[in-house]
Novice: 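Dropping a structure here in structure tokens format, bear with me for questions.
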Amino acid sequence: MFSFGLGLMLLDQTRSALSFGMNMLISPIIGLLFLVPIGNIVDMVNHKKILIYSMSLRMCALLVFAFTINRFPGAYKLIPVLLFLIIDSISVNFSDVCYSASIHELVNTNRIQKLSSLTQTATSISSILSPTLGIGLYSALGFKGFILIEISASILSFLIMLTMKFHYQKTRLTIKDYNEHGSNSPLKTFKMGLSYINKRALIKYIIIISVMLNFPCRCLTLIVSRSSWAIYL
């Protein structure tokens, strides 16, 4: 929803088509650039600490963005928006990867499938409703109201995360363990992960199917987004 509100604000202020796909452009680039370091950090560092630092960074960036966005006129608003989207993408990547790696630490093994199903359902529902709700809230509250909602939602998510108890395995490797085994090189650790995936046929097939489905889903999302913006305009 926040992405829709941000896109509408940029469209109104800059009259630039860049506002339509700015977030879609930055997120994949940041994902590729930080693919190796994020994976290594999540493997070696306490997951709850990563989530705390990541979500705290995003909230601080959001507060700074809220207080500075109106200081930039017209097309210059792209400067704070670009900086915020970079920080936001890094934070979201850390949080998403860390959450995926923490599932077995949050629920019992026999509940993992149920949790994954509920998570996928929630994600699908939010993807469907976000364009309509985003347009409606932007029309009713404006971008300032949107930022307040985003800050409130981020604080609520942060507080919920603090109440979660992570059950760590005793066999979990640490930075010291990686160094002792000579795997302190980020690229070497990344290659170890690729080697593991290559030996698991099911994982490879899932990745291939996901890649094949990702492109049409992205196109559909873009069509829905442009239709919503067209209706608003």
Side-chain angles (χ1 to χ4, degrees), residues 1-11 13-45 47 50-51 53-66 68-69 72 74-101 123 126-127 130-131 134 143 146-147 150 154 157 185-194 197 203-204 206-226 228-229:
M1 287 170 55
F2 185 72
S3 297
F4 284 103
L6 187 63
L8 288 171
M9 184 274 293
L10 287 176
L11 182 63
Q13 296 291 324
T14 66
R15 303 296 176 183
S16 172
L18 183 63
S19 61
F20 284 100
M22 197 169 184
N23 190 37
M24 291 183 180
L25 177 65
I26 292 175
S27 295
I29 294 175
I30 295 298
L32 287 174
L33 291 177
F34 287 85
L35 176 65
V36 176
I38 287 179
N40 291 335
I41 291 173
V42 170
D43 282 342
M44 295 183 289
V45 180
H47 290 159
I50 295 176
L51 288 172
Y53 293 142
S54 176
M55 296 178 74
S56 298
L57 175 64
R58 186 178 186 276
M59 286 190 292
C60 291
L62 196 58
L63 288 170
V64 173
F65 177 75
T68 59
I69 184 64
F72 293 81
Y76 290 101
K77 288 186 183 294
L78 290 173
I79 298 174
V81 169
L82 179 62
L83 294 175
F84 170 75
L85 287 178
I86 291 174
I87 297 174
D88 180 63
S89 296
I90 295 173
S91 174
V92 168
N93 273 283
F94 265 110
S95 298
D96 288 348
V97 174
C98 193
Y99 172 75
S100 299
T123 302
S126 65
S127 299
S130 59
F143 190 65
F146 237 105
I147 293 180
E150 181 72 11
S154 298
S157 299
S185 170
L187 288 177
K188 187 175 182 180
T189 307
F190 181 68
K191 290 179 180 178
M192 290 170 59
L194 291 180
I197 293 175
I203 297 178
K204 287 194 296 183
I206 291 175
I207 292 175
I208 292 172
I209 293 173
S210 298
V211 171
M212 293 175 63
L213 293 177
N214 183 62
F215 179 73
C217 288
R218 287 279 184 175
C219 291
L220 180 61
T221 302
L222 183 60
I223 292 172
V224 173
S225 302
R226 291 180 69 93
S228 301
W229 280 323

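Keep in mind it's a predicted model, so treat the numbers as computed, not measured.
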Novice: Could you walk me through whether F94 and I41 pass the side-chain contact (heavy atoms from CB on, under 4.5 Å) check?
Specialist: CA-CA 9 Å; F94 265 110; I41 291 173; 3.8 Å; yes
Novice: Could you check whether any side-chain heavy atom of F2 comes within less than 4.5 Å of a side-chain heavy atom of I147, counting everything from C-beta outward?
Specialist: yes
Novice: Identify the heavy atoms of M1 and F146 that sit nearest to each other, and give their distance.
Specialist: O-CE2, 3.1 Å
Novice: Tell me the closest heavy-atom pair linking V42 and I50, and the distance in Å.
Specialist: CA-CD1, 3.7 Å
Novice: With rounding to the nearest 0.5 angstrom, report the OG to CG distance, S95 to D88.
Specialist: 9.5 Å
Novice: Say you draw a straight line from CG of L33 to CD1 of I26; how long is it, rounded to the nearest 0.5 Å?
Specialist: 11.5 Å
Novice: Once you round to the nearest 0.5 Å, how far does OG of S27 lie from CG of L32?
Specialist: 11.0 Å
Novice: Apply side-chain contact (heavy atoms from CB on, under 4.5 Å) to residues L82 and L78 and explain how you reach the verdict.
Specialist: CA-CA 6 Å; L82 179 62; L78 290 173; 5.7 Å; no
Novice: Ring-plane angle category for F65 and F143, please: parallel below 30°, perpendicular beyond 60°, tilted otherwise.
Specialist: perpendicular
Novice: How close do L6 and L85 get, counting heavy atoms only, and between which atoms?
Specialist: CD2-CD2, 3.8 Å
Novice: Side-chain contact, heavy-atom cut-off 4.5 Å: I87 with R58?
Specialist: no
Novice: T68 versus V64: any side-chain heavy-atom pair under 4.5 Å?
Specialist: yes
Novice: Work out which heavy atom in L62 is nearest to a heavy atom in E150; give both atom names and the distance.
Specialist: CD2-CG, 3.4 Å
Novice: What residues form a ring-ring contact (aromatic ring centres under 6.0 Å, His included) with Y99, not counting sequence neighbours?
Specialist: none
Novice: Between A61 and F84, which heavy-atom pair has the shortest distance, and what is it?
Specialist: O-CD1, 3.8 Å
Novice: Quick one: pull up NE2 in H47 and OG in S100 and give me the separation to the nearest 0.5 Å.
Specialist: 10.0 Å
Novice: Got a second to check how far I38's CD1 is from D43's CG, nearest 0.5 Å?
Specialist: 12.0 Å
Novice: Work out which heavy atom in I69 is nearest to a heavy atom in P80; give both atom names and the distance.
Specialist: CD1-CG, 3.8 Å
Novice: Could you measure the distance from the CG atom of N93 to the SG atom of C98? Nearest 0.5 Å is fine.
Specialist: 12.0 Å
Novice: Counting neighbours of OH on Y76 that are heavy atoms of other residues, nucleotides or ligands and sit closer than 6.0 Å, is the number greater than 12?
Specialist: no
